[in-house]
Amino acid sequence: GTPYYIAPEILAQRYGNECDLWSIGVITYIVLSGVPPFNGFTNEEILAKIRRGNFKFEPVNTWSQISDAAKDFITGLLTSDPS
């Protein structure tokens with residue numbers, strides 16, 4: 001598959017149901033904005049961003065039209081600590 005959807009747990013070789021929740025967060029982000037939350041020019045750059053787990057709701061003009069509930073949903077799914 002594509003690195004855009006890989007959960008941090010998979011990179012740490014700890015696959016569980018949490019990985020699927022992460023992917024739902026990525027898909028939701030892409031559906032609402034048209035771009036992935038962790039983007040880069042190379043697979044290595046994308047994976048490094050996933051490991052850090054930091055993302056922003058950009059471009060701002062796109063996300064200004066999205067509800068806070070939707071952003072909270074995505075933020076809850078795209079957390080590096082699944083507990």
Side-chain angles (χ1 to χ4, degrees):
T2 176
Y4 293 114
Y5 303 94
I6 294 175
E9 293 83 13
I10 292 175
L11 298 175
Q13 298 181 357
R14 294 186 319 255
Y15 185 84
N17 293 334
E18 302 86 3
C19 298
D20 296 331
L21 296 174
W22 177 277
S23 295
I24 291 169
V26 171
I27 291 166
T28 304
Y29 188 104
I30 292 170
V31 166
L32 293 175
S33 70
V35 296
F38 305 100
N39 207 352
F41 292 107
T42 66
N43 287 346
E44 292 78 21
E45 186 179 348
I46 295 165
L47 296 176
K49 289 179 179 180
I50 290 170
R51 283 186 187 97
R52 286 192 298 273
N54 298 330
F55 69 94
K56 297 178 182 179
F57 291 108
E58 292 183 341
V60 175
N61 61 336
T62 298
W63 287 101
S64 67
Q65 305 298 315
I66 306 299
S67 72
D68 288 338
K71 291 183 237 180
D72 290 343
F73 176 71
I74 292 168
T75 301
L77 292 168
L78 294 181
T79 179
S80 296
D81 181 7
S83 63

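All residue numbers refer to positions in the sequence shown, counting from 1. Source: prediction; values computed, not measured. Note: hydrogens, waters and symmetry copies are ignored here, and every other heavy atom, side chains too, is used.
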* Side chains of Trp63 and Ser33: does their closest heavy-atom pair fall under 4.5 Å? ->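 With C-beta onward as the side chain, the pair touches.
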* With the side chain counted from C-beta on, respond yes when Leu77 and Val26 share a heavy-atom pair under 4.5 Å apart, and no when they do not. => no
* To do: Any salt bridge (charged side-chain N to carboxylate O under 4.0 Å, His left out) involving residues 69-78? Give me the pairs, sequence neighbours left out, ordered by first then second residue.
  => Asp68-Lys71
* Euclidean distance, Ile74 CD1 relative to Ile66 CD1, rounded to 0.5 Å -> 8.0 Å
* Structure fact -> Output for pair (Ile24 CD1, Leu78 CG), nearest 0.5 Å, gives 10.5 Å
* For the pair Trp22 (side chain) and Thr79 (backbone), establish whether a donor and an acceptor sit closer than 3.5 Å, ignoring hydrogens and angles. =>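 Such a contact is absent between Trp22 side chain and Thr79 backbone.
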* To do: Might you point out which heavy atoms bring Ala7 and Cys19 nearest each other, and give the distance in Å?
  =>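 Scanning both residues completely, I find the closest heavy atoms to be CB-CA, 3.8 Å.
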I'd like a table of donor-acceptor pairs (distance under 3.5 Å, sequence neighbours excluded) in which one partner is a side-chain atom from residues 37-58, with atom names and distances.
| from | atom 1 | to | atom 2 | distance (Å) |
| --- | --- | --- | --- | --- |
| Asn39 | OD1 | Tyr4 | OH | 3.4 |
| Thr42 | OG1 | Glu45 | N | 3.1 |
| Glu45 | OE1 | Phe41 | N | 3.1 |
| Lys49 | NZ | Asn39 | O | 2.6 |

* Who passes side-chain contact (heavy atoms from CB on, under 4.5 Å) against Ile27, sequence neighbours left out? ->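 Ile27 satisfies side-chain contact (heavy atoms from CB on, under 4.5 Å) with Tyr5, Val31 once adjacent residues are dropped.
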